[in-house]
Amino acid sequence: MNLQETSGLYIHIPFCLGKCHYCDFYSVTAISVIPDFLRALNKEMEMYRNRSDVFDTLYIGGGTPSLLTSPQLEDILISVQKNFDLMAEPEITIEANPADLDQSLLESMREIRINRINIGIQSFDEKVLAFLSRRHSAKQAISAIEASRKTGFKNIGLDLIYGVPAQDMDSWLDTLKQAVAFSPEHLSCYQLTLGAETPLGIRYQAGEFLMPGEELQYEFFINTSEFLEDARYIHYEVSNFSRGMEYASRHNQKYWDHSPYLGLGPSAHSFRDNRRWWNQRSVNQYIVAINAGNLPVEETENLTMEQLRLEALCLGLRTKKGVSFDDFRNRYHCDLFAEKKEMINKLREEGLISIQDGRLYPTQTGLAVADRLALI
Ligand code: SF4
């Protein structure tokens, strides 16, 4: 690890009131387990107490962290401060469901120094929300954004989904228009993907509905990028846009930069010194492991230099800042241009990447097909 490098801390709250039919994240609806989980989480933090990292970001994700009560959230923050070295002015993000965000919860979040809220809006179109089986309405989404602003949040992110069968381009552009009207500092626009085991994935495989084809997905992507850039957002990563780079997610950039991060809670992943490890996925197994005095780690992987290079290239080409040849040589001991000359030239000819000032950049079309760029 670079000595100057700061780390990110991620906490996974694996509970939701109901499962959205497209969701592949680990979460359970057994909310009666929350108190046992929180006790285990506190112990997990104590187990990592002597780490030398200095953290400048904390991300409380899930699941639905906004299901927790104000005292439960406060206890988590107290435990973080007790066990980890947090830098001054850390970025502290919480993910929230619009249905949970009343004024009193929002005020408590501000009091415990949460300074960034990421609200899972997904769409302002009721038809789309129903198809996705979200538990909130468009009206609740609007109230949640307004209440967050009113409480004093100066860094608000909205998550949106496109490429939903119940949605046409007009519906999507209308959702973008409504989102931009609130001037959120950050927008994440994800293309709907259906895991094979999810209820919607099963219905899709049974032929109940069609998903948008490649061409239409491309149109969604390009229209999104153009619409938001016209609205003065920076398209800084395949799915992410910010109103200036100061609002780009500091935490998520650590995942794309191979910076160290520590993940706590079921299924959370960690990375440090070329090593990646992840926790037990099941909340019950997680609690059992911790109560037996063990770290709840399911598996550890030591990445070879070749794996690191490939990851760095794939992740770098998903971001607007691309990949610096010098940084790549220093960090991964590889002359990228010499190694991949033929492929780089081919992708340049196809207009998918460009080279400027010693960096390899994805073009807008390149960002749209970032998964294919990863194959170089
Ligand atoms: S609220 Fe989020 S984490 Fe929970 S089921 Fe829905 S998409 Fe998944």
Side-chain angles (χ1 to χ4, degrees), residues 7-53 55 57-86 92-97 100 112 135 195-199 201 251 254-255 260-303:
S7 301
L9 185 61
Y10 174 78
I11 297 181
H12 190 73
I13 308 294
F15 300 97
C16 293
L17 280 191
K19 277 302 276 185
C20 303
H21 291 176
Y22 60 97
C23 177
D24 226 357
F25 292 113
Y26 178 69
S27 68
V28 295
T29 53
I31 54 173
S32 59
V33 182
I34 290 178
D36 284 347
F37 161 72
L38 291 175
R39 274 188 288 277
L41 177 67
N42 186 43
K43 285 187 197 156
E44 191 185 15
M45 291 197 218
E46 286 170 358
M47 289 175 182
Y48 281 109
R49 191 172 189 156
N50 293 323
R51 268 177 85 99
S52 55
D53 304 51
F55 294 88
T57 65
L58 166 62
Y59 195 105
I60 307 174
T64 313
S66 54
L67 274 184
L68 299 184
T69 62
S70 307
Q72 287 170 334
L73 283 173
E74 187 176 359
D75 284 350
I76 291 177
L77 264 290
I78 289 172
S79 192
V80 166
Q81 271 152 359
K82 208 162 74 191
N83 293 297
F84 300 105
D85 193 355
L86 269 192
I92 305 184
T93 307
I94 188 162
E95 287 180 348
N97 185 301
D100 303 329
I112 56 175
R135 73 173 161 99
E197 305 296 323
T198 60
H251 185 83
K254 294 185 188 294
Y255 300 141
Y261 49 87
L262 177 64
L264 307 173
S267 79
H269 282 56
S270 305
F271 178 82
R272 191 184 205 249
D273 297 334
N274 305 345
R275 193 167 67 91
R276 179 168 291 126
W277 67 98
W278 51 96
N279 278 354
Q280 307 265 15
R281 194 169 154 91
S282 142
V283 64
N284 291 329
Q285 283 174 20
Y286 166 87
I287 293 171
V288 168
I290 289 182
N291 287 346
N294 301 318
L295 277 174
V297 175
E298 183 176 288
E299 222 173 306
T300 299
E301 181 183 36
N302 287 305
L303 295 161

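Since the model is a prediction, treat every value here as computed from it, not as a measurement.
L9 and H251 make their closest contact through O-CE1, 3.4 Å (heavy atoms, listed as atom of the first residue, atom of the second, distance). Between G61 and E95, the shortest heavy-atom contact is CA-OE1, 3.4 Å. The shortest non-hydrogen separation linking S7 to D53 is OG-OD2, 2.7 Å.
Atom-to-atom distance recorded for N83:CG and R49:CZ is 5.0 Å, nearest 0.5 angstrom. Expressed to the nearest 0.5 Å, how far CD1 of I76 lies from CD of Q81 amounts to 12.5 Å. Atom CZ of F37 is separated from atom CG of L68 by 8.0 Å, given to the nearest 0.5 angstrom. If you take CD on Q72 and CD1 on I34, they are separated by 6.0 Å, rounding to the nearest 0.5 Å.
In this structure Y22 satisfies the ring pair (Phe, Tyr, Trp, His ring centres under 6.0 Å) test with no other residue, sequence neighbours excluded. Residues passing the side chain to side chain donor-acceptor pair (under 3.5 Å) test with N279, sequence neighbours excluded: E44.
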Stepwise side chain to side chain contact (heavy atoms under 4.5 Å, CB included) test for D75 and N42: CA-CA 9 Å; D75 284 350; N42 186 43; over 6 Å; no

Test log, rule side chain to side chain contact (heavy atoms under 4.5 Å, CB included), inputs I92 and L77: CA-CA 10 Å; I92 305 184; L77 264 290; 4.2 Å; yes

Test side chain to side chain contact (heavy atoms under 4.5 Å, CB included) applied to V283 and I287, step by step: CA-CA 6 Å; V283 64; I287 293 171; 4.2 Å; yes

Audit row: L73, I112, side chain to side chain contact (heavy atoms under 4.5 Å, CB included) steps and yes/no: CA-CA 8 Å; L73 283 173; I112 56 175; 3.8 Å; yes

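Within the 3.5 Å criterion, the main-chain N or O of L67 finds no donor-acceptor partner in the side chain of T64. Without hydrogens or angle criteria, T198 side chain to D24 main chain gives no donor-acceptor distance under 3.5 Å.
Residue pairs satisfying the salt bridge (Lys or Arg N to Asp or Glu O under 4.0 Å) criterion with at least one member in residues 26-37, sequence neighbours excluded, are listed as follows: D36-R39.
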Please list, one pair per line, the donor and acceptor atoms closer than 3.5 Å that link side chains of residues 264-271 to other protein atoms, with sequence neighbours excluded.
residue	atom	partner	partner atom	Å
H269	ND1	S267	O	3.1
S270	OG	G263	N	2.9

Contacts under 3.5 angstrom, residues 288-301 side chains, donor-acceptor by atom type, not counting sequence neighbours:
residue	atom	partner	partner atom	Å
N291	OD1	K43	NZ	3.0

Report, one line per pair, each donor and acceptor closer than 3.5 Å where one atom sits in a side chain of residues 11-21; sequence neighbours left out.
residue	atom	partner	partner atom	Å
H12	ND1	Y10	OH	2.8
H12	NE2	Y26	O	2.8
K19	NZ	F25	O	2.9
K19	NZ	S27	OG	2.8

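Using a 4.5 Å heavy-atom threshold, the side chains of L262 and R272 count as separate.
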